[in-house]
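Working notes, structure below.
Order of appearance sets the numbers: ligands from 1, and atoms from 1 within every ligand.
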Amino acid sequence: MRQRIRHGHSRPEGETVERIRSYEIVSEIAFLGRRRRVYTRIVALSGARPGDRVLDVGCSGGYLARLLAAAVTPDGQVTGIDPASAAIDYARQRAPGNCSFAVGVAQDLDLPDRSFDVVTSTLAVHHIPEAERAAAFREMFRVMRPGGRLLVADFRPSGRRLTLHFVGQAMRHNNVDLLDDLATAAGFQVESHGDLPMLRYVRAVRPDGT
Ligand SMILES: C[S@@+](CC[C@H](N)C(=O)[O-])C[C@H]1O[C@@H](n2cnc3c(N)ncnc32)[C@H](O)[C@@H]1O
């Protein structure tokens, strides 16, 4: 399901997820039927509200983007980026009118400065090459307007055998405790962090005047 590839970007992507239907099924199973509830909570934690411009980094097939799109209607817009073109095709086929998707990598966003109110990223940081994660957070900071809000969540190792089986490989360079440090180093002010089923999240803001 995962593939390590390079496109025409100046930097390698990391591990992309190309088999989107399989990924969707595995994800439903891994969350033990609570995926929708967990992601609805992520939308609430992101603070996305009507009228916001939201960026979802590592959006895969657009599951979270579609929930965000509902939260920002009537005037808001959601943009999803992912290096896996199969995922972007899948997301585009299911996109509501206020969602758009593009192929891209977190560490080199082809997006203007200060153009989003909210940036989200779920289960994607551990896919970004370790050496590129600081750059990815700097990019999230760059494209966010001052006062904007960041919500990043990644796997929280639970020790459960099933979870470890599915995510073990991808987790080998992951340390969710580093999410706070990555956000802080990029210039964000961390407001809170916490746990959800399978996930640890950090909420942060880009301070006004930066
Ligand atoms: C486990 S999936 C998570 C998808 C979705 N955000 C979710 O919560 O279900 C990780 C995603 O990160 C993407 N990815 C890999 N390298 C990336 C990079 N450098 N920048 C952004 N996304 C990347 C993969 O293609 C994949 O779609």
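Residue contacts with ligand 1, taken as heavy atom pairs separated by less than 4.0 Å, involve Gln107 solely via side-chain atoms from C-beta onward. Contacts between Thr122 and ligand 1, counted as non-hydrogen atom pairs separated by less than 4.0 Å, involve both the backbone and the side chain. Of the heavy atoms in Tyr63, none comes closer than 4.0 Å to ligand 1.
Once rounded to the nearest 0.5 Å, the distance linking CZ of Phe101 with OH of Tyr90 reads 11.0 Å. Note that the CZ atom of Arg34 and the CZ atom of Arg41 stand 14.0 Å from one another [nearest 0.5 Å]. Atom-to-atom distance recorded for Thr122:OG1 and Leu199:CG is 7.5 Å, nearest 0.5 angstrom. Atom CG of residue Leu67 and atom CD1 of residue Ile42 lie 9.5 Å apart, to the nearest 0.5 angstrom.
Not one N or O of Leu123 is nearer than 3.5 Å to an N or O of ligand 1, by distance alone. Taking distance alone, with nitrogen or oxygen atoms compared against 3.5 Å, Ala106 approaches ligand 1 more closely than that limit. No N or O atom of Ser27 sits closer than 3.5 Å to an N or O atom of ligand 1. Checked by distance only, ligand 1 and His126 stay at 3.5 Å or farther apart across all their nitrogen or oxygen atoms.
Using bins of under 30°, 30° to 60° and over 60° for the plane-to-plane angle, the ring pair Phe155/His126 lands in the tilted bin.
In this structure, Ala87 has no heavy atom closer than 4.0 Å to ligand 1. Contact between Ile128 and ligand 1 is present, with at least one heavy atom of the residue lying under 4.0 Å from the ligand.
Cation-pi geometry between Arg35 and Tyr39 is satisfied (NZ or CZ under 6.0 Å from the ring centre, within 45° of the ring normal).
Residues Val119 and Arg206 form no side-chain contact, since every pair of their non-hydrogen atoms from C-beta on lies 4.5 Å or further apart. Side-chain contact check for Ser46 versus Leu68: some heavy-atom pair is nearer than 4.5 Å.
One option in Ser60, Ser121, Gly80, Ala153 has a heavy atom closer to atom 4 (C) of ligand 1 than any other, and that option is Ser60. Scanning Asp56, Ile42, Asp82, Val103 for the heavy atom closest to atom 27 (O) of ligand 1 points to Asp82. Checking Phe31, Tyr39, Tyr23, Phe155 against atom 3 (C) of ligand 1, the nearest heavy atom belongs to Tyr23.
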